[in-house]
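Below: one structure, written as structure tokens.
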Amino acid sequence: NAGVTQTPKFRILKIGQSMTLQCTQDMNHNYMYWYRQDPGMGLKLIYYSVGAGITDKGEVPNGYNVSRSTTEDFPLRLELAAPSQTSVYFCASSWAGEKGEQYFGPGTRLTVT
Amino acid sequence: AQRVTQPEKLLSVFKGAPVELKCNYSYSGSPELFWYVQYSRQRLQLLLRHISRESIKGFTADLNKGETSFHLKKPFAQEEDSAMYYCALSGLTGGGNKLTFGTGTQLKVEL
């Protein structure tokens, strides 16, 4: 199993551009999450999903959108990128019945200039 | 609001010395606490959870509700313990098994 995969690994965006961060998991997990991590800070939840077609906001959702059309995929969309969105983005997934254990992807380092 | 505090950004110890990584939390309900670890060039992964009361790689952590703490301890540090450690709390309402993470402590074990 590949686990949780994320693409791209790195990306530089200009202010105002848009992009989609891809996340795929092959563990048939119900739950999926998007976090961002700023330097010296902990991970902050952007959006999460408890199943296909169901998404909800986390702590810092502004400037982002998500969709969950399949169990495997949970893309994160940035519209009108801003320098404040420069961060490392992590996708994670977990079983519905397994509280606390989330499986993380390798991360995407995004710079907005 | 729930919060997880890790007061030390960096903890440097010598090999063989005891290690204690501090974690304090703020939560009004009954929390579940976890430690995650990220080794160099590896993904963030679960190290241990308080509810299982287990020892993983020699590390233990006891939940102290009176002091609202969940410190991670190891009696004798090894070089391979050098990593970033995050304390996390599960207790948010709304389902989804969401976690609140602390800011992390970088553990450096020196020879």
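Predicted model, so just to flag it, every value in this text is computed and none were measured. So that the names make sense, note that chain A is the first sequence line, chain B the second, and so on, each numbered from 1.
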For residues 2-29 of chain A, which residue pairs qualify under ring pair (Phe, Tyr, Trp, His ring centres under 6.0 Å), counting only residues two or more places apart or in two chains?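 Checked against ring pair (Phe, Tyr, Trp, His ring centres under 6.0 Å) - neighbours excluded - the pairs reaching residues 2-29 of chain A are H29(A)-W95(A), H29(A)-Y103(A).
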Is a side-chain donor-acceptor pair under 3.5 Å present for Y86(B) with Q37(A)?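 Yes.
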For A92(A), is it the side chain, the backbone, both, or neither that has a heavy atom closer than 4.5 Å to a heavy atom of chain B?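 No part of A92(A) comes within 4.5 Å of chain B.
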With sequence neighbours excluded, residues passing side-chain hydrogen bond (donor to acceptor under 3.5 Å, both in side chains) with Y31(A):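 Per chain and number, Y31(A) pairs via side-chain hydrogen bond (donor to acceptor under 3.5 Å, both in side chains) with no residue.
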Do L21(B) and Y39(B) sit in the same hydrophobic cluster, where Ile, Leu, Val, Met, Phe, Trp and Tyr count as joined when their side-chain heavy atoms come under 4.5 Å apart?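 Yes: a chain of side-chain contacts under 4.5 Å links L21(B) to Y39(B).
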In the single-linkage hydrophobic clustering (I, L, V, M, F, W, Y; side-chain heavy atoms under 4.5 Å), do M27(A) and Y35(A) co-cluster?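 They do not share one cluster, since no chain of ILVMFWY contacts under 4.5 Å joins M27(A) to Y35(A).
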Would one find more than 12 heavy atoms of other residues, nucleotides or ligands at under 6.0 Å from atom CZ of R3(B)?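 No, the 6.0 Å shell around CZ holds no more than 12 heavy atoms from other groups.
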E80(B) atom CD, neighbour heavy-atom count above 12 within 6.0 Å: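 Buried by this count: over 12 neighbours within 6.0 Å.
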Under a 4.5 Å cut-off applied to non-hydrogen side-chain atoms, are R43(B) and V4(A) in contact?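 R43(B) vs V4(A): side chains touch.
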For chain B, the option from G51(A), G105(A), S94(A) that forms the most heavy-atom pairs under 4.5 Å: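 The option with the most such pairs is G105(A).
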Under 4.5 Å, counting heavy-atom pairs only, tell me which of M41(A), E59(A), K44(A) racks up the most with chain B.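 Greatest number of close heavy-atom pairs with chain B: M41(A).
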Counting a contact as any heavy-atom pair under 4.5 Å apart, which residues of residues 101-111 of chain B contact chain A?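 When heavy atoms of chain A are the reference, residues 101-111 of chain B contributes F101(B), G102(B), T103(B) within the under-4.5 Å range.
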Other ILVMFWY residues reachable from I15(A) by side-chain steps of under 4.5 Å: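 Members besides I15(A), by chain and number: L13(A), M19(A), L21(A), M32(A), W34(A), I46(A), Y47(A), V60(A), Y64(A), V66(A), F74(A), L76(A), L78(A), Y89(A), L110(A), V112(A).
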Rounded at 0.5 Å granularity, tell me how far [atom1] in [X] sits from [atom2] in [Y].
X	Y	atom1	atom2	answer
N97(B)	Q102(A)	CG	CD	7.5 Å
L44(B)	L43(A)	CG	CG	6.5 Å
K98(B)	D56(A)	NZ	CG	7.0 Å
Y48(A)	L99(B)	OH	CG	12.5 Å

Measure E32(B) against the heavy atoms of chain A and call it side chain, backbone, both or neither at under 4.5 Å.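 E32(B) touches chain A through side-chain heavy atoms alone.
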